[in-house]
Undergrad: 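Quick one: the structure is below, questions incoming.
For clarity, every value in this text was computed on a predicted model and none was experimentally measured. Residues: numbered from 1 along the sequence shown.
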Amino acid sequence: MPLIPMFITPISRAKWELVVYAWQFFPVFTAVQWLTDWYPQGKTSVNSRFNIPGKLAWILMECPGVLTVLYLTLTLPTHLSLPGPLPIGNYTMTALYTIHYLYRALLSPLLNPSMSPIHPLVFTSAFAWQLINGISLGGWLGGYGPTTPSDWHARSGWIYLGMVIWGFGLGGNMYHDDELREIRRVAAKEFEEKKKEGKDVKKHYEVPEAGLFRWVLYPHYLCEWIEWAGFWMVGGLACTPARVFLVNEIATMMPRALAGRRWYVERFGRERIGGRRAVVPGLL
């Protein structure tokens, strides 16, 4: 019984190609983020009776992508009656994607001492984003991309280099995420101490200092882009879904980083923020 009959399984090449083609135009819809700093999640979360608890919302909205990729990679070859198993390159990219989202969708929120509530608009948008991106990547990896070892022939050097870049980006992402968690740990400890003393407690914010935080305020974004650039390199220039994934990530995260820098300047002052850029050292 198909999960979503039109798109998940069975899925024709024509429908998959339509999804991939349309997905390339996603950056157009991110234009609204350049017009407003309103983003009801994280530091800029808003009070709303419709808000969803942060950790629960994060897990539910980040999981559809990886579940869709795994589902299509495992079921599409049979549906297409491929003559043999998928090549190791397909499974390698599936594994890289899965490892990232095991961290991002499950481990990361569970490690966080706290997470601000997430507005349903953000939740719905992120859920849809993950689902569409999962269909795009999963279709390519499951049988509409390379299907034989010869499709990966003579690209081993680029594949290994891409995997190294991917690993470097993931490691940087995790490192800088943990620096932000440390601030939350200190805030949680302070909250408990003041609560015991019967004092009022306000949200605790700091300007991170470690690693690339010395030069940019959102190095975890930059590291994630590096990670997915390596992922695209593994798939090759012809891997349109991986390219579109990277471009769409940058399109949706860049305006959030720039808005986040304005938030830091407003809260801590220009002198405190100094020459730190939003996400790209010395540039943006």
Undergrad: Tell me whether Glu17 at atom CD has more than 12 heavy atoms from other residues, nucleotides or ligands lying less than 6.0 Å away.
TA: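 Count over threshold, so yes.
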Undergrad: Under a 4.5 Å cut-off applied to non-hydrogen side-chain atoms, are Pro109 and Glu62 in contact?
TA: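 No, their side chains stay 4.5 Å or more apart.
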Undergrad: In the structure I gave you, are the side-chain heavy atoms of Ile52 and Val122 within less than 4.5 Å of one another anywhere?
TA: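 Heavy-atom side-chain distance check fails, nothing below 4.5 Å.
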Undergrad: Give a yes or no on this: more than 12 heavy atoms of other residues, nucleotides or ligands lie within 6.0 Å of atom CZ of Phe127.
TA: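 No, the 6.0 Å shell around CZ holds no more than 12 heavy atoms from other groups.
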Undergrad: Check whether more than 12 heavy atoms from other residues, nucleotides or ligands sit under 6.0 Å from atom CG of Leu110, and answer yes or no.
TA: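 For Leu110, atom CG is crowded (more than 12 foreign heavy atoms under 6.0 Å).
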Undergrad: Contact between Ser45 and Tyr39 at the side-chain level, heavy atoms closer than 4.5 Å - yes or no?
TA: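 When only atoms from C-beta onward are counted, Tyr39 and Ser45 do not touch, as no gap falls below 4.5 Å.
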Undergrad: Is the OH atom of Tyr91 crowded by more than 12 outside heavy atoms at less than 6.0 Å?
TA: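 Yes, OH of Tyr91 has more than 12 neighbouring heavy atoms, counting only those of other groups under 6.0 Å.
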Undergrad: Can you label the angle between the Trp38 ring and the His119 ring as parallel, tilted or perpendicular, going by 30° and 60°?
TA: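 If you compare the ring of Trp38 with that of His119, the planes turn out perpendicular.
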Undergrad: Over 60° means perpendicular and under 30° means parallel, so classify the ring planes of Trp263 and Tyr205, tilted if in between.
TA: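 Aromatic pair Tyr205/Trp263 classed perpendicular.
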Undergrad: Ala257 and Ala278: which non-hydrogen atoms are nearest, and at how many Å?
TA: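 Of all heavy-atom pairs spanning Ala257 and Ala278, the closest is O-CB, 3.6 Å.
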Undergrad: Treating Ile, Leu, Val, Met, Phe, Trp and Tyr as nodes and any side-chain heavy-atom pair under 4.5 angstrom as an edge, say whether Trp16 and Leu80 lie in one connected cluster.
TA: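 Same hydrophobic cluster.
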Undergrad: With a sphere of 6.0 Å drawn around CZ of Phe268, does it hold more than 12 non-hydrogen atoms of other residues, nucleotides or ligands?
TA: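 Check passes, neighbour count above 12.
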Undergrad: Quick check: do Thr73 and Asn90 have side-chain heavy atoms less than 4.5 Å from each other?
TA: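 No, every pair of side-chain atoms sits at 4.5 Å or beyond.
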Undergrad: Please determine whether a side-chain nitrogen of the Lys or Arg among Arg276 and Glu209 lies less than 4.0 Å from a carboxylate oxygen of the Asp or Glu.
TA: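 Yes, this pair counts.
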Undergrad: Classify the ring geometry of Phe245 against Trp228: parallel below 30°, tilted from 30° to 60°, perpendicular beyond 60°.
TA: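 Aromatic pair Phe245/Trp228 classed tilted.
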Undergrad: Are Val46 and Ile118 in one and the same hydrophobic cluster, where Ile, Leu, Val, Met, Phe, Trp and Tyr link if side-chain heavy atoms are under 4.5 Å apart?
TA: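 Hydrophobic grouping puts Val46 apart from Ile118.
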Undergrad: Given Val279, which of Met254, Arg256, Arg261 fulfils the side-chain contact (heavy atoms from CB on, under 4.5 Å) condition?
TA: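 It is Met254; the other options fail the test.
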Undergrad: Tyr221 versus Val216: any side-chain heavy-atom pair under 4.5 Å?
TA: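 Tyr221 vs Val216: side chains apart.
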